[in-house]
Amino acid sequence: MKKTPVYILLSVIALLSVSRPIKAQSSIITDIDTAYLRKLIETAKANYPRVKSLQNHIDIAQQNISKARASYLDAFTFSYVYQPHSSTIVSTTPGTATTGSNYSYFNGIQVGLFFNLGNFLQKPYAVKVARQELMIANNDRDEYLLTLTTEIKKRYYAYILRIAELKLQSQSAQDAEEIMKSVRYKFEKGEETYDNYNKAQVTYSDRNQTRIQAEAGLLSARADLEELVGQQLESIK
């Protein structure tokens, strides 16, 4: 009965579980869909809450500019006083009253318009500050959009990498399973040692565990990407 050397068995497993998948998946660059990546970026810009908050800051800054411009009118104060043409004259003698007319040059309605120079001179500065706040709000949004774009790309590339890793590990686990079944068949026929059969089982278990970890890594990478995009990847086409 001819026994299969242990080192030959391990070499075969390594070649089948590593070399063949690498040949089939030599690069992940070809798996990158630039058009789909652009859709992911645009979707994130439209859905991510922080982008909406930064846009709200811009809207508020624009409203502050209009408010600062309208505040020029605060320097002007309008008032009026009404002085009737006649009035009742109350006598100082108890129990008597005399009614008569009291005429004055200021009878009727007097209108006044007052101008506060100090308040008026402050308005150009307030408008300038409001414009600068708008510029800052725009810069903050633009800066974050650049950061968000870079982060989407990183997470998308990590997602593609996890897909490739899962393909490799799935193929590796499948190859290890085929070898384990072959060794078990020979062991049951008495053509293989228990030591080699045990090593094949351990290798299959390790490859299967690695595949499961690759699946978990893919799910994690997918969740990280969907966190920024704001919706499931299947809905983005």
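This is a predicted model, so every value here is computed, not measured. Along the sequence shown, residues are numbered consecutively beginning with 1.
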Peer 1: Could you check whether any side-chain N or O of Glu226 sits under 3.5 Å from a backbone N or O of Leu233, counting only pairs where one atom can act as donor and the other as acceptor?
Peer 2: yes
Peer 1: Using every non-hydrogen atom in the two residues, find where Thr193 and Asn196 come nearest and quote the distance to one decimal.
Peer 2: OG1-N, 3.2 Å
Peer 1: Decide whether Ile32 and Leu161 are clustered together by the hydrophobic rule: side chain heavy atoms of Ile, Leu, Val, Met, Phe, Trp, Tyr closer than 4.5 Å, transitively.
Peer 2: yes
Peer 1: Could you give the distance from CG (Asp31) to CD1 (Ile160), rounded to the nearest 0.5 Å?
Peer 2: 6.0 Å
Peer 1: With rounding to the nearest 0.5 angstrom, report the CG to CD distance, Leu166 to Gln213.
Peer 2: 12.0 Å
Peer 1: Measure the spacing between OG of Ser170 and CG of Asp175 and express it to the nearest 0.5 Å.
Peer 2: 11.0 Å
Peer 1: Using only heavy-atom distances, determine whether the side chains of Ser172 and Arg207 contain a donor-acceptor pair under 3.5 Å.
Peer 2: yes
Peer 1: Identify the two heavy atoms, one from Tyr48 and one from Leu228, that lie closest to each other, and give their separation to 0.1 Å.
Peer 2: CD1-O, 3.6 Å
Peer 1: Considering only residues two or more places apart or on different chains, which pairs with a residue in residues 136-161 satisfy salt bridge (Lys or Arg N to Asp or Glu O under 4.0 Å)?
Peer 2: Glu151-Arg155, Arg155-Glu227
Peer 1: Set out, in order, the CA-CA distance, both residues' side-chain angles and the distance that settles side-chain contact (heavy atoms from CB on, under 4.5 Å) for Tyr156 and Ile41, then state yes or no.
Peer 2: CA-CA 10 Å; Tyr156 174 70; Ile41 294 173; over 6 Å; no
Peer 1: If the condition is side-chain hydrogen bond (donor to acceptor under 3.5 Å, both in side chains), which residues does Glu188 pass it with, not counting sequence neighbours?
Peer 2: none
Peer 1: In terms of hydrophobic clustering (I, L, V, M, F, W, Y; side-chain heavy atoms under 4.5 Å; direct or indirect links), are Tyr36 and Val229 co-clustered?
Peer 2: yes
Peer 1: Asp206: which residues meet the side-chain hydrogen bond (donor to acceptor under 3.5 Å, both in side chains) condition with it, sequence neighbours left out?
Peer 2: none
Peer 1: Working to the nearest 0.5 angstrom, can you tell me the gap between Gln55 CD and His57 NE2?
Peer 2: 11.0 Å
Peer 1: Can a donor-acceptor pair be found, under 3.5 Å and without considering hydrogens, that links the side chain of Tyr204 to the backbone of Gln174?
Peer 2: no
Peer 1: Tell me, please, which residues at least two apart from Arg162 pass side-chain hydrogen bond (donor to acceptor under 3.5 Å, both in side chains).
Peer 2: Glu165
Peer 1: When you measure from the side chain of Thr149 to the backbone of Leu145, do you find a donor-acceptor pair of N or O atoms at a distance under 3.5 Å?
Peer 2: yes
Peer 1: To the nearest 0.5 Å, tell me how far Gln62 CD sits from Arg131 CZ.
Peer 2: 12.5 Å
Peer 1: Taking Thr43 for the side chain and Lys39 for the main chain, is one N or O donor matched with an acceptor at less than 3.5 Å?
Peer 2: yes
Peer 1: If you count heavy atoms of other groups shown closer than 6.0 angstrom to CD1 of Ile29, is the number above 12?
Peer 2: no
Peer 1: Any idea which heavy atoms bring Leu148 and Val51 closest together, and the distance?
Peer 2: CD2-CG2, 3.8 Å
Peer 1: Closest heavy-atom contact between Ala46 and Lys52?
Peer 2: O-CE, 3.3 Å
Peer 1: Taking only residues two or more places apart in sequence or in another chain, which ones pass side-chain hydrogen bond (donor to acceptor under 3.5 Å, both in side chains) with Ser235?
Peer 2: Gln231
Peer 1: Using 0.5 Å steps for rounding, measure from the CG atom of Asn139 to the CG atom of Leu134.
Peer 2: 9.5 Å
Peer 1: Under 4.0 Å between a side-chain nitrogen and a carboxylate oxygen: does that hold for Glu42 and Arg38?
Peer 2: no
Peer 1: Would a hydrophobic clustering, with Ile, Leu, Val, Met, Phe, Trp and Tyr connected at side-chain separations under 4.5 Å, put Ile136 with Ile58?
Peer 2: no
Peer 1: Under 3.5 Å, is there a donor-acceptor pair between the Asp59 and Gln63 side chains?
Peer 2: no
Peer 1: Here's a test for you: under side-chain contact (heavy atoms from CB on, under 4.5 Å), which of Glu192, Gln201, Glu191 qualifies with Val183?
Peer 2: Glu192
Peer 1: What verdict does the side-chain contact (heavy atoms from CB on, under 4.5 Å) test give for Leu37 and Tyr157, after you've listed the backbone C-alpha separation in whole Å, the side-chain angles of each residue and the deciding distance to 0.1 Å?
Peer 2: CA-CA 9 Å; Leu37 177 57; Tyr157 298 150; 3.8 Å; yes
Peer 1: Applying ring pair (Phe, Tyr, Trp, His ring centres under 6.0 Å) as the test, list every pair that has at least one member in residues 162-194; sequence neighbours left out.
Peer 2: Phe187-Tyr194, Phe187-Tyr197
